[in-house]
Protein chains: 2
Amino acid sequence: MGRHRAFDEEEVIDAAVAGFWEKGYGATSIRDLAARMQMGGASLYNAFGDKRGLFIRALQRYLDLSSRRRMAELDAAADPLAALHDFFANLVAASLCDRRGCLLVNAAMEVAPIDLELGADIRDGLKEVEDGFRRTIERAQQEGSVDAGMRSEDVARRLLSAVISVRVLARLGEDRALLESIVRSALPPRER
Amino acid sequence: MGRHRAFDEEEVIDAAVAGFWEKGYGATSIRDLAARMQMGGASLYNAFGDKRGLFIRALQRYLDLSSRRRMAELDAAADPLAALHDFFANLVAASLCDRRGCLLVNAAMEVAPIDLELGADIRDGLKEVEDGFRRTIERAQQEGSVDAGMRSEDVARRLLSAVISVRVLARLGEDRALLESIVRSALPPRER
DNA sequence: GATTTTTTAGATCGCCCGATCAAAAAAACA
DNA sequence: TGTTTTTTTGATCGGGCGATCTAAAAAATC
């Protein structure tokens with residue numbers, strides 16, 4: 001019973017993701033968001049509770065569509081080391097195109113220190129990335145394309161570190177040489 | 001001619017640094033800052049022009065007192081590799097103590113994408129850090145404590161990447177194991 | 001001591017913020 | 001068709017924001 005919602009939930013959350021991603025949590029106003037989502041402010045509050053509630057939904061949506069999707073691609077790849085190289089090539093290319101960086105890393109910086117509950121979600125999101133790297137490295141080690149002598153946890157963390165710093169430097173507008181240099185020294189080389 | 005200023009400029013800028021460092025640029029209000037600096041709002045505007053002007057001064061002060069000071073310590077160290085290890089040990093310890101991270105990295109994330117002029121200052125600041133690392137690595141190579149076969153620019157950038165990601169993870173409240181793992185795989189080992 | 005210049009204190013400006021409210025609209029039930 | 005439940009609209013709330021204004025206070029110059 002009751003009036004139907006006039007919006008598609010995934011669509012409006014995607015619009016919210018775009019807003020938070022571009023300008024951050026604090027600098028994106030409810031009015032900005034409502035305009036992007038093409039709905040009234042009261043509808044927004046009725047559907048998502050408050051700004052924080054909407055941000056949590058947006059972050060989960062970003063995790064599903066960006067992080068988890070990419071980790072699933074790694075898991076599905078026939079050649080794990082090549083897939084990692086592709087991943088980082090795309091990362092560098094995306095980082096040179098725009099300055100949005102990664103919503104997860106942006107939120108880690110802006111929101112985590114003042115919202116510990118959200119901080120835990122963000123930490124979990126990064127852990128999923130780390131674990132995805134670790135699985136892929138282990139597959140590459142079993143396959144023989146990565147030295148099995150290294151601890152896969154350490155390599156995974158080195159890759160996570162590279163992702164984070166590239167995402168930070170993307171927001172600074174740093175050049176290709178710097179980003180590629182960071183990726184090169186974190187990623188196990190292709191030919192052996 | 002004219003009335004003398006009732007405040008010590010370095011003191012009040014230090015207070016501004018503390019404010020911006022703790023809460024970021026956008027979330028620190030002029031009233032917050034004026035209270036910390038123990039001066040009236042009008043005096044603040046009279047002395048620094050506007051909020052952005054104060055932030056620029058605060059960032060320069062941070063560069064002088066934190067970044068450049070630490071780079072000077074590296075340059076002055078008798079044992080360059082040991083000094084680098086000390087630097088990163090201190091970095092990890094500080095990152096476990098509080099979530100402020102690094103004002104330069106915080107500003108890179110929050111301010112650089114929307115203020116290109118300030119972004120250039122931040123980029124210059126990080127370049128100074130990178131150059132400091134490079135000089136220290138080169139000294140270590142001449143000394144024989146670091147493999148002279150590596151390109152010092154690449155090692156320096158790997159260290160910069162480690163600093164950045166540790167600073168990000170500090171704001172997330174990540175644990176010692178993760179931070180140390182990142183540092184360990186970026187830093188040339190001590191014994192050879 | 002009068003004048004000029006600068007800094008101070010406190011009030012205030014217009015604006016935008018997150019959030020809420022009352023009332024109308026739309027759908028499901030009786 | 002009348003009742004009930006939910007969503008929508010548009011106005012509005014109190015509050016904090018960056019910035020400015022006026023006037024008084026303090027110092028240097030004449």
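Order of the sequence lines fixes the chain letters, A, B, ..., with proteins taken first and strands second; residue numbering starts at 1 for each chain. These numbers come from a predicted model, not from an experiment. When reading the values below, keep in mind they use all heavy atoms of this one structure, side chains included, and skip hydrogens, waters and symmetry mates.
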Has the side chain of B:R31 got a donor or acceptor that lies under 3.5 Å from a partner of the other kind on the base of D:dG18? yes
Taking atom types as they are modelled, would you say the side chain of B:R3 forms a donor-acceptor pair with the base of C:dT7 within the 3.5 Å cutoff? yes
Does A:Q38, at its CD atom, have more than 12 non-hydrogen atoms belonging to other residues, nucleotides or ligands within less than 6.0 Å? no
Is it the case that over 12 heavy atoms from other parts of the model lie below 6.0 angstrom from the CZ atom of B:R70? no
Contact nearer the 5' end of DNA chain C, comparing A:A27 with B:M1: B:M1
Quick check: on DNA chain C, is the nucleotide nearest A:A42 upstream (toward 5') of the one nearest A:D32, or the reverse? Name the residue that is more 5'. A:D32
Checking B:M71 against B:F133 for the side chain to side chain contact (heavy atoms under 4.5 Å, CB included) test, could you report, in this order, the C-alpha distance in whole Å, the side-chain angles of both residues, the deciding distance, and whether it holds? CA-CA 8 Å; B:M71 291 304 115; B:F133 285 151; 4.1 Å; yes
Before you tell me yes or no, could you show the steps for B:S29 and B:D32 under side chain to side chain contact (heavy atoms under 4.5 Å, CB included), namely the whole-Å CA-CA distance, both residues' side-chain angles and the distance that decides it to 0.1 Å? CA-CA 5 Å; B:S29 72; B:D32 287 343; 3.3 Å; yes
Which part of the nucleic acid, if any, lies within contact of B:A47, taking any heavy atom under 4.0 Å across all strands shown: a base, the sugar-phosphate backbone alone, or nothing? nothing
Could you tell me the separation between the [atom1] atom of [X] and the [atom2] atom of [N], rounded to a whole number of Å?
X	N	atom1	atom2	result
A:Y45	D:dT12	OH	P	18 Å
B:I30	D:dG18	CD1	P	5 Å
A:M39	D:dT9	CE	P	9 Å
B:R5	D:dA27	CZ	C1'	14 Å
B:M37	C:dA9	CE	P	13 Å
A:E9	D:dT6	CD	P	16 Å
B:F48	D:dG18	CZ	P	16 Å
A:F7	D:dT9	CZ	P	11 Å

Assuming nearest nucleotide by heavy-atom distance, tell me which of B:G41 and A:G40 is located more 5' along DNA chain D. A:G40
If you compare every side-chain N and O of [X] against the phosphate oxygens of [N] (OP1, OP2), does one of them come in below 4.0 Å?
X	N	value
A:S29	C:dC17	yes
B:H4	C:dT8	no
A:S43	D:dT8	yes

If you check the A:N46 side chain, which of D:dT7, C:dG18, C:dT8 turns out closest? D:dT7
Shared hydrophobic cluster, A:M150 / A:L84 (ILVMFWY, side-chain heavy atoms < 4.5 Å): yes
